[in-house]
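Worksheet: one structure, shown below.
Since this is a predicted model, take the numbers as computed values, not measurements. Chain letters run A, B, ... following the sequence lines, proteins first, then strands; residues in each count from 1.
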Protein chains: 2
Amino acid sequence: MNDTQAPTLLDVARAAGVSRATVDRVINGRPNVKAKTLQRVREAMERLSYRPDPLAAGLARRARYRFCFLLPAGTNAFMDEVAAQVAGSAAWLAGTRASIERRFVDVFDPFALAGAIDAVDRGFDGAAIVALDEPHVRAAVDRLVADGVPVVTLISDAPASRRLGFVGVDNAAAGRTAAALLGRFSGGRGGSVGVLVGSLSLRDHVDRLFGFRQLVERDYRHLSLLPVIETRDEDGEAEAAVARLAAADAGLVAIYNAGAGNRGVGRALGRLGADRRPVFVGHELTSASAGPLREGLFDALIAQNAGHEVRSAARLLIAQASGAPIIPEQERIRIDVFIRENMPD
Amino acid sequence: MNDTQAPTLLDVARAAGVSRATVDRVINGRPNVKAKTLQRVREAMERLSYRPDPLAAGLARRARYRFCFLLPAGTNAFMDEVAAQVAGSAAWLAGTRASIERRFVDVFDPFALAGAIDAVDRGFDGAAIVALDEPHVRAAVDRLVADGVPVVTLISDAPASRRLGFVGVDNAAAGRTAAALLGRFSGGRGGSVGVLVGSLSLRDHVDRLFGFRQLVERDYRHLSLLPVIETRDEDGEAEAAVARLAAADAGLVAIYNAGAGNRGVGRALGRLGADRRPVFVGHELTSASAGPLREGLFDALIAQNAGHEVRSAARLLIAQASGAPIIPEQERIRIDVFIRENMPD
DNA sequence: AAAATTTTGAGGCACGCACTTCAAAATTCT
DNA sequence: AGAATTTTGAAGTGCGTGCCTCAAAATTTT
């Protein structure tokens with residue numbers, strides 16, 4: 001602990017030859033300040049490099065923020081992780097006088113999601129939504145924003161909506177990364193590549209697919225992409241799809257799963273002999289995918305960090321609600337590449 | 001903004017039928033509280049789920065923290081980035097009432113580093129040091145800690161010292177990751193692999209080398225490692241080393257640089273024909289390495305995020321100084337894998 | 001029972017700022 | 001010039017806690 005005192009509002013007042021009240025008027029943009037006085041006060045603040053104490057300001061403002069997070073119901077391992085991170089962030093949020101309430105909704109159904117958004121209490125100070133890029137959902141988001149509740153989209157975006165921002169990765173880049181790893185890991189062998197997604201109306205899956213296709217067609221012409229299979233992010237469907245691919249196609253060199261359902265993929269791949277096993281690249285490091293990666297059934301996972309995303313969403317909402325600054329670099333969610341050798345723990 | 005009031009210390013006092021002073025004694029572990037009273041107060045706190053307001057507590061404690069960061073002098077691109085991040089964290093730190101002073105020292109000289117550590121003002125509330133795993137340095141760290149200044153090591157550790165903790169990546173894992181990528185990217189071709197480090201007395205370089213060796217010898221027996229070359233992290237030496245490797249060895253399939261000097265490596269590789277160019281894996285995404293990666297001269301970079309590391313070090317020191325809690329998951333520095341397709345920007 | 005000790009209460013000051021009120025001073029308008 | 005209006009100062013309260021003092025009450029020891 002140290003006592004090098006930072007300048008206070010009173011110091012600024014004295015330096016500018018005015019009263020506390022006037023400095024307060026300047027700082028908080030209140031009216032009735034002569035241009036000349038305003039100038040003098042600003043100069044004094046500059047000279048002393050005065051920064052209002054956020055602790056004291058927060059205390060005096062007695063602001064408390066309540067946010068609503070709308071998350072997908074279901075058994076997707078990654079989304080479970082997101083929900084857990086939201087729950088686990090309570091302690092961290094307490095330090096910022098904020099709190100989060102969770103709502104679960106079927107995110108595959110646009111009408112249910114739009115309804116849930118409409119049902120969000122307008123008393124909240126902000127909302128984070130795992131969105132669907134769909135007209136009804138966009139409209140519901142816009143209504144919520146119009147009612148004064150700032151919205152950030154989380155993980156899956158609704159770009160045309162009036163949301164404050166999107167917290168998530170660049171999914172096209174994630175898809176390109178998947179393609180580059182898959183292409184290089186398959187070592188120049190020509191053949192076909194199976195492609196799975198959860199749904200073609202999920203923006204993040206579509207973006208990944210776009211980036212994946214783009215790079216394969218440019219750099220790995222000896223690989224031919226098989227028709228996309230939709231799995232609804234369900235383990236069973238993913239498992240069946242992989243099994244079918246392996247059985248039907250002798251020239252199968254690799255599989256890319258842009259969606260969830262990796263537990264099923266792992267099961268299907270585990271039943272194949274090591275020699276017949278295709279290269280596999282998927283997304284998200286979860287309880288469903290960590291095992292297969294460690295055992296060598298999966299070759300690489302392109303991941304995003306749920307904890308970072310949840311905290312980033314909260315920080316954006318807090319910043320919006322309180323007018324506080326943000327560190328853009330800290331809010332950019334990066335793409336993590338995991339192979340067996342750099343898995344955590 | 002919302003006004004659902006959280007319970008205050010006064011609420012707890014009333015609920016427990018005692019005075020503010022007594023609740024204060026309980027909360028802050030002051031003496032002279034009867035066991036029974038202590039019990040009653042604890043129950044009341046539990047029942048109201050009372051949490052001391054961190055803003056008010058911070059204000060009342062009027063704690064200000066000054067930390068000293070000891071960074072390597074020189075022209076290493078990554079360390080420049082670290083220094084820039086320290087400088088740039090001022091705004092963020094203001095919100096936590098902390099400040100950082102930077103000192104630059106020749107980190108390759110144990111005596112200079114130890115002397116700089118001894119010269120750290122004991123009035124600091126903590127220090128972060130890019131360490132050297134060397135007896136004099138360890139002893140100097142221990143002296144500083146003994147004098148009441150908590151120390152965290154940053155990026156390069158001194159494991160046997162009494163430092164509070166290490167902020168940096170698992171470098172052995174980073175080395176294994178480099179090996180796995182290098183092995184898979186070279187596509188099964190046999191041949192020799194050139195290996196560069198900055199110095200064999202830098203703990204982080206040695207750890208990377210260890211992990212790299214380990215995995216190559218286990219999984220990529222068709223690759224033979226050439227003798228390690230020390231470059232002192234200098235571009236010129238690295239450039240010359242790469243040029244020599246390429247000229248001397250027709251069977252060279254890959255190069256691994258566990259240290260810095262990537263600007264030089266990029267220059268040397270740029271002069272080689274695309275067909276004669278070895279696979280290259282290095283560390284850190286900086287101004288020196290981003291260009292070659294984008295142009296395809298480099299194949300992969302294993303990186304750590306300087307900004308995260310600086311903030312994590314600061315958080316650890318603040319937590320230590322103030323007794324605040326930390327989120328371990330948030331403080332674990334992860335290994336980033338960059339290939340051309342997932343470069344930021 | 002008296003003396004010594006421990007426990008508790010009451011109250012207050014401080015932290016730095018937000019926000020208010022009211023009167024005095026300065027400026028602008030008629 | 002006087003009246004109307006705008007700008008400024010002085011002073012206060014409150015935010016929730018830390019930390020301090022002093023006296024009163026309760027408990028333990030002699």
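Tested against B:Glu43, the residues B:Arg47, B:Arg40, B:Gln39 include a single side-chain hydrogen bond (donor to acceptor under 3.5 Å, both in side chains) partner, B:Gln39. A side chain to side chain contact (heavy atoms under 4.5 Å, CB included) with A:Phe67 holds for exactly one of A:Leu93, A:Val86, A:Asp125; it is A:Asp125.
An OP1 or OP2 oxygen of C:dT6 is reached within less than 4.0 angstrom by no side-chain nitrogen or oxygen of B:Asn32. Between D:dG9 and A:Thr22, a contact under 4.0 Å exists linking OP1 or OP2 to a side-chain N or O. Put simply, A:Thr8 has no side-chain N or O that comes within less than 4.0 Å of OP1 or OP2 on C:dG16. Residue B:Lys34 has no polar side-chain atom (N or O) positioned under 4.0 Å from OP1 or OP2 of C:dT6. Listed pair A:Arg20 / D:dA11 fails the phosphate criterion, with no side-chain N or O lying under 4.0 Å from OP1 or OP2.
The 12-atom threshold is exceeded at CZ of B:Arg30, counting heavy atoms of other residues, nucleotides or ligands nearer than 6.0 Å. More than 12 non-hydrogen atoms from other residues, nucleotides or ligands lie less than 6.0 angstrom from CZ of A:Arg102.
Note: CG (B:Leu10) to P (D:dC15) measures 10 Å, nearest angstrom. Atom C1' of nucleotide C:dC13 and atom CZ of B:Arg61 are separated by 17 Å, given to the nearest angstrom. For A:Asp24 and D:dG12, the CG to P distance is 17 Å, given to the nearest whole Å. When rounded to the nearest whole Å, the span between CZ of B:Arg14 and P of C:dG9 equals 14 Å. Distance B:Asn28 CG to D:dG16 C1': 13 Å, rounded to the nearest Å. A straight line from CZ of A:Arg25 to C1' of C:dC19 spans 11 Å, rounded to a whole angstrom. At whole-Å resolution of the value, CG in B:Leu9 and P in C:dA10 are 14 Å apart. Atom NZ of B:Lys36 and atom C1' of C:dT6 are 16 Å apart (whole Å).
Rounded to the nearest 0.5 Å, atoms CD (A:Glu309) and CD1 (A:Ile155) are 5.0 Å apart.
In terms of polar N and O atoms assigned as donor or acceptor, the side chain of A:Arg51 never comes within less than 3.5 Å of the base of C:dG16 in a complementary pairing.
Nucleic acid contact for B:Asp53: sugar-phosphate only, since backbone atoms but no base atoms lie under 4.0 Å from a heavy atom of the residue.
In this structure, the nucleotide among C:dC15, C:dT8, D:dG9 sitting nearest to the side chain of B:Ala60 is C:dC15. Side-chain proximity of A:Arg30 to the nucleotides C:dA18, D:dG18, C:dT7 is greatest for C:dA18.
With the nearest nucleotide of DNA chain C identified for both B:Thr37 and B:Ala56, B:Thr37 has the one nearer the 5' end. Both B:Ala21 and B:Leu59 lie close to DNA chain D; mapped to their nearest nucleotides by heavy-atom distance, the more 5′-ward contact belongs to B:Leu59.
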